Amino acid sequence: MLKLQGISKTYKVGTFGGKALHAVCDVDLDVGSGEVVSLIGESGSGKTTIGKMILKLISITSGSAFFKDIDITTLKGRELKEYYRKVQGVFQDPFSSYNPIFKADHIFAMIKTEFYPDVKPGDWSQKVDACLKDVGLNPPDVLGKFPHQLSGGQLQRFLIARALLLETEFLVADEIISMLDASRRIDVLNLLADLKKKGLSILFITHDLSLAYYISDRAVILYRGSIVEMGSTERVYFNPQHPYTRMLMATVPRLDQAWEDVEIAIRQKQLPIGQGCVYFGRCPFASEQCSLEQPQLDEFEKDHQVACFNCKRG
Amino acid sequence: MRRYFGRKVLIYLLTFFVAVTIDWLIPRFMPGDPVLSMLGRVGTAHPDTVNAMREYFTRVFGLDVPIWQQYLNFWASLLRGDLGVSVYRFPREVADVIMTAVPYDIALLVPSILLSWIAGNKFGAYAARRKWLDNTILPLGYTLTATPYMWLAILLAWGLGIKLDLFPIAGAYAFDMAPHWSWRFISSVLHHWILPFASLFLVNFGGWAIGMRNVIIYELEADYSHYLEALGAPQQLVRKYAYRNALLPQLTGLALQLGVIVAGALVTEVVFSYPGIGFQLLAAVQNQDYFLLQGCFLFIIVGVLLANFIIDIVYVIVDPRTRRGMTGEMA
Amino acid sequence: MMEKKSKKRNEFFYFAFKNNKLRIGLLIVLFFLVMAIIGPSFTENDPLSFIHRGVPLKPFESEDFIFGTTVFGQDVYSQFVYGLRATFVVGAIGGGLATLIGVIVGFIGGYMGGKTDEGLNMGTNIVLVIPTLAVLLIISAYLEVRGILLESVFIGCTAWPWTARAVRAQTFSLRSREFVDLAKMSGMKSLKIIFKEIAPNMMSYLLLVFILQFGGATLNAATLDFIGLGPTQGISLGLMMNHAVAHSALLLDIWWWFIPPGLAITAIVGALYVTNVGLDEVFNPKLREM
Amino acid sequence: MSLHVENLKVYYQTLRGDVRALDGATFDIADGEIMGLAGESGCGKTTLAHSLIRLTPPLKFIEGKVELDGEELPLADMEKMDDFRFRKISIVPQYAMNALNPTRKIRKMTAELLASKGASMKAIETELQRRLDLVGLNPEVLDMYPIELSGGMKQRMVMVLSTLLDPSLLMADEITSALDVSTQKAVAEMLVEFRDRNFVKSMMIITHDISILYQVADTIMIMYAGQLAEKASRETVIDSPRHPYTKMLISSLPQVGVQVNVTRLAGIPGTPPQLLEPPQGCRFRARCPLAFEKCLQVPPFVEVEPGHMVACWKEPGKHA
C-alpha cells in the first residue's frame, strides 16, 4: 500500500540557515493494505515529520515514497488532490484541527465542495449520517454544533468520519488520542481496530508503548530520525534486541509489575547525525565501531530487524 | 554574538542607503524641471543673482550628466560632508546651518525622552497595582498620547507663557544676549528650555505609562510570577521581577517610537521657535530651500538610526535571553 | 455564505454594550463624525473667505459667528467643521491604506514563510526605522499642488510597517494551527486557504489595527498641516493651528482660534484609543477581569 | 500527622456562575506517605492542589478546614499563608519548565527568594550543591540563565528549589506528563528519593497517568467530577478496587500484553457532568451500572477497610 525508500528531511536552522538539522535520515518503511503499523518514538525522534511527509504537508528532502506504486514524492495540483482522496490524516490536538469560527461540520462542507460538488444535498447528508454512525456518533447530537461545544473524543471521531466519507484507504493517525482522557481513549482505539477489519490501513504514530501494543500488527521503533528496530509487535515487545528498545520496554510503567532498575544513562553529548550510531551517546554496550559507522537494519529473526552491531553477538 | 551585531549593522546600513536614495530620488521624481521650478520660487528678479543661482543649481543637480553619474556625485558630495548651500541663507553651507541647530535639539530631545521613559514606566507600574490608580492614570495616559505635540505646546505657551507669564515662549535664550559662559546666560537658556521640554515630556509620558501598564499585567500573569507567589515570595519581590522584565519590551518600544518623537520635537520647536532642526526645517519649507530641507532630513535619519543602534546594544546587554540565546542551549 | 457563530455573535454584542470603554469612545467619535457631516450645512460661509471686518468676535458674541472669527475675519465655525471633515477623510483613507498594505504584506510574509517572508520582513524593518514624518516632509515640499487625497495616500504608504509586523505574527501563529493542514488535505489552494480560513479569524484583530491606524493618520496629517505642508487649498484642523500660531493668535489671546482644533483631534484620537481597548477587552475575555 | 483535610469546598468563578470544581474533600496524608491523586481532566485534582497553596481568583474558598502538622492553614488569606508557603508546604508546578525568571541568573533568583523568606543563601549553599549532584545537575548551573538549560534540567532545578527548606508537604502537579518515557522514570524515582532522604515529610503527586502512580506512590486517591471516589494502597486500587468508577477506569487502560483482537477493553459510556449545575447526589450516578435510588444522596467518603476509603452506597462499610 505505502512504501517509503530512504526518506530524509533536513531543516535549515540558524540565522542564515547555516546549520542543518537532520530530523529524519533515510527511513525505509512499508505498510500493507489492511495492516496497522505503529511508529513509536520519543519527542524529537522525527515520527511526526514522517507523518507530515506522507501527507505531503511538508516537502521530502531526499528519498522517494510510493502509494500503490505511484511515486508521490513530487505530486502536485490535480494528482495531489486525487491522492488526498485515498490518504488522509488525523492530528493530535482535536481543538486545533477545527477553524474556531465555523461549526464543526464545516469540515464536511469543505470536502463536499472540493471532491463531491455534484452530489445532491439529500444524498450527501445521508452519506454523512452513515459515516457518523460508523464512528459511533449520533448525528443529531453532534451536527450543527461549534467545536468548543463538543468533547475531544467526539471531535476526533468527526475527523475519522471525514476520512470515511472520502473512502480513504490509508490513514495517518498522529498521536490522535494523547489529548483524550483515559476512559475515552479506548473507544477511539476500538474504532480504529474495527476500521482495520474493514480494510483500512493505518500508520499509528505515538510515544505510548501500551497503546501501540494494543492495536498494531507491526511496531517500528524510531530514535533521532532513524529506525533502530522493526518487526511484528510481539517479537519487538517481548524479545527486544536494540539497547534503546530494551530500555523503553523496561521503563514503560505497567500495572502488573514494578519497574526493573535498568540503569538510565542521563543524556550525554550525542554524536552528530550520520556519523556512527544514533544511540551512541546513551548506549551501555557502545563499541569503537559504533562511533564510526551507522549500523544498518538487518534480519535478526523472521519478521524482526535490528540496526545494531552488538546485537548479533549479544 | 558577532553575527547578531553584524546582521544589525547590515540592516542599519541598508536603511541608511534606502533613506539617502529616497532623498536623492524625490526631487528627480517630481514632475517638471527642478532647476526651473526652484528658480521660479526663489523669486529674486535681479538678473545676475538669478544667473548665479541657475548656474549653481544646474551644477549641483548635475542634470547634464547621466542619471547614475548624478547619483554617484550625490554620494560623493554626501560623504565629503558637503550638503550643498542653503538657499535662503545663501553663502552659508547647509551642514554649517544644521550644526548650529543640532546642540539645541539634543538638549531638548535627550532629557525629554529619557525622563519621560523612566517616569512613564514607573507610573505605568503603579497603575497596574490598584484599581483606582488604574482608573486615573489610564485615561490621563490616553489623553496625553492622543494630544498632538504642537497643540500641547500651544496650550503651555499660551497658558504658562502668556497668561501667567511664568516662562518665555520664544527662542533659546533672551534676545539681548549673545552666547557666552556666564551664569546669567545659562539660567536664561534653562528658562527658555522649560516649556518645550515639558510639552514633549508630557506627551511621551502618556505613551510609556500605558505601554508599561499593559506589559506588566502580562508579566504578572507569567508562570514565574505564579511560581514566586506559590513559594510565598512577598508581592514586592514579584513586582520587582515583573517590572524588570516589562522594561525590555518598553526598550524596543522606545526604539520604534523614536521617529514619532523626533517629529513631535520638530513641531514643538516650531511653536516655541526654538532654534533646533525643526525650526530650520520650517524656515527651509517657507523659503523653498531644498538643500537645507534634504540636509535636515539626512540628519534626522542619521540621528534616529544611531539612537536605534544604541538601544539595540543596550538591549543585548540588559536582556540575557538574546545574549545567551545565541550560544545555544547546553542540552 | 459564512455561518457566523450565532452563539458567539450575541455574546459579543452582549459584552460589547456592557463595556463602558467601548461605549464612551464610540460615542465621542460618532459625535464628531456627525458634526463633520452635517456641520457645514449650518453655514454658508466659506472657511477661508474674509467676511467679518474689525476686531475678531468672541464665540457667541454674534449669532452668525457662533464660534467667533479669526484675526482676518474668517468664520471659525466653518473652518472647524470643514477641518473636521478633512481630518476624517485623511484618517479613513490614510488609515485604511496603511492597514491594507500592512495586511497584505503581513499575510503573504506570514503564510509563505522562507525567502519571501525574510525579504518582506527586512523591507518592513527598514521602513519601520525611517522616521515617516521626515519622508513626508520631503515629498510634500516638492509638490506644488497638494490635495487632501494625495496627503492621505502618502501617510498611508508610510504608516504600514508596524501593522505588517503585527499581522505577520498573527498569521504565523494561525498558519501552524492544524486546521490549515486539514484545509490543505481537503485539496484547497493556498490563496483560498488564506482568505477562506485564516482571514475570517483575524477580522476582529484587523478592526483593532484599523482603529489605531486611523488615529495615527489623523495625528500625522495634523503635524504635516501644522508645518505648512498640508493640502494647498481647503482647510484642516492642523492648518487652522498653523494659521493661528503664524499670526500670533496666542499673544492676541484669540484662544477660540487654536483651542477647538487641537481639542477635536485629541478627543477623536483619544476616543479611538479607548474604543480600541474596549474592543480588545470584548474580544479576549481574559483582559476583562483587570 | 502531616495533612488533614476536612470537607474542603473550592469553587471556580466564571462569567456564567460558580463551577463547583471541588465539592467537599475529606482525607488525610500521614507522615512519610506519598499519595497519588489521579482522575480524568476536570475532576478537580488541580483545583485541590492549587487551593492548598495558592488560592487566588478565579478560585473561591467556600468552606472546609485544612491542618498541616496540627496547624490550621488560612487558605483564604493570601498574606497569612506566606508563612506556610515554601517552609511548610511547597509545589513543583506543571509549568516547571518556565517557572524560573528568564532574565535572572539562577543563583541570584534563589538568593533573593531565600532572603525574602528570611533564610540565607550562604547557610544553604553546601546543601544546595549536594542536592544538585543528587539530581544530576552540575553546580555550574547556578551561574547560568534559565534559557541555557534544557527543559528537563529546568524541571529538576525547580524540584530542588521547591524542596530547599525541607517542607513538610510537597505537591507535584503533572510533572511527568510532558516527559519522554525514560526521563519520566528518572523524575518519578527522584521524587521517591526526596522523600527517603527526608527533604520532604509527605508528598502528593497529581497526574492522570495511574500506571506512574502504581510505580512510586504508596496510596492512590481517585477523584471524579469534584468528589473523592476512592483511596487505598496502590495494590488495592489496581487489583481490587471497590468503587464502580475506579473499576471501569482501571479496566479501560490498555497495557503491554493486551491486544484488541484478543481482549477487547471497554470504555465508560456517557460523559462527565458539567459542574456549573452538577447532578444531585453521587455524580457518577448517570454512568454507573449499579446506580439505585439511594445514590441521589451524596455517599460519604468512609473507611470500609483499614486504609481503604470508598464513597459508594453499594459498598458495605461500617455505615451500611
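Note on naming: letters A, B, ... go to the chains in the order of the sequence lines (proteins, then strands), and numbering restarts at 1 for each one. Given the structure is predicted, the values throughout are model-derived calculations rather than measurements.
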* In terms of heavy-atom pairs under 4.5 Å, which option from D:Met248, D:His208, D:Gln259 contacts chain A the most? -> D:Gln259

* **Choice from D:Pro272, D:Ala188, D:Pro254 maximising heavy atom contacts with chain A below 4.5 Å** => D:Pro254

* So which part of A:Asp217 gets closer than 4.5 Å to some heavy atom of chain D, the side chain, the backbone, both or neither? -> neither

* To do: Answer yes or no: is there a side-chain heavy-atom contact under 4.5 Å between A:Leu39 and A:Phe204?
  => no

* Asked: salt bridge (Lys or Arg N to Asp or Glu O under 4.0 Å) with A:Asp187: which residues, sequence neighbours excluded?
  -> A:Arg157, A:Arg184

* Would you mind checking which part of D:Ala266 comes under 4.5 Å of any heavy atom in chain A, side chain (CB onward), backbone (N, CA, C, O), both or neither? => backbone

* Asked: Which region of A:Ser151, side chain (C-beta onward) or backbone (N, CA, C, O), has a non-hydrogen atom less than 4.5 Å from a non-hydrogen atom of chain D, or is it both or neither?
  -> neither

* Basic-acidic side-chain contact under 4.0 Å: D:Glu33, D:Arg234 -> no

* **chain A contact via D:Ile238 - which portion, at a heavy-atom distance below 4.5 Å** => side chain

* Please state whether the side chain, the backbone, both or neither of A:Ser178 comes within less than 4.5 Å of a heavy atom of chain D. => neither

* Asked: Side chain, backbone, both or neither: which part of D:Ser177 has a non-hydrogen atom closer than 4.5 Å to chain A?
  -> neither

* With sequence neighbours excluded, what pairs up with A:His304 under the ring-ring contact (aromatic ring centres under 6.0 Å, His included) test? -> A:Phe300

* Asked: Is any side-chain heavy atom of D:Ile222 less than 4.5 Å from a side-chain heavy atom of D:His243?
  -> no

* For D:Ile212, is it the side chain, the backbone, both or neither that has a heavy atom under 4.5 Å from a heavy atom of chain A? -> both

* Contacting moiety of D:Ile268, where chain A heavy atoms sit under 4.5 Å -> both

* Against chain D, work out which of A:Asp208, A:Leu211, A:Ile215, A:Asn190 has the most heavy-atom pairs shorter than 4.5 Å and name it. => A:Asn190

* Structure fact -> Closest non-hydrogen atoms of A:Leu159 and A:Ser97, given as atom of the first, atom of the second and distance, are CD1-CB, 3.9 Å

* Asked: With a 4.0 Å cut-off, would you call D:Arg195 and D:Asp218 a salt bridge?
  -> yes

* Asked: Checking A:Tyr214 against chain D: side chain, backbone, both or neither under 4.5 Å from a heavy atom?
  -> both

* Asked: Is there side-chain contact between A:Ile205 and A:Ile176, with heavy atoms separated by less than 4.5 Å?
  -> no

* Residue D:Val216 versus chain A: region with a heavy atom under 4.5 Å -> side chain

* To do: Please confirm whether A:Arg254 makes a cation-pi placement over D:Tyr214, using NZ or CZ under 6.0 Å from the six-membered ring centre and within 45° of the ring normal.
  => no

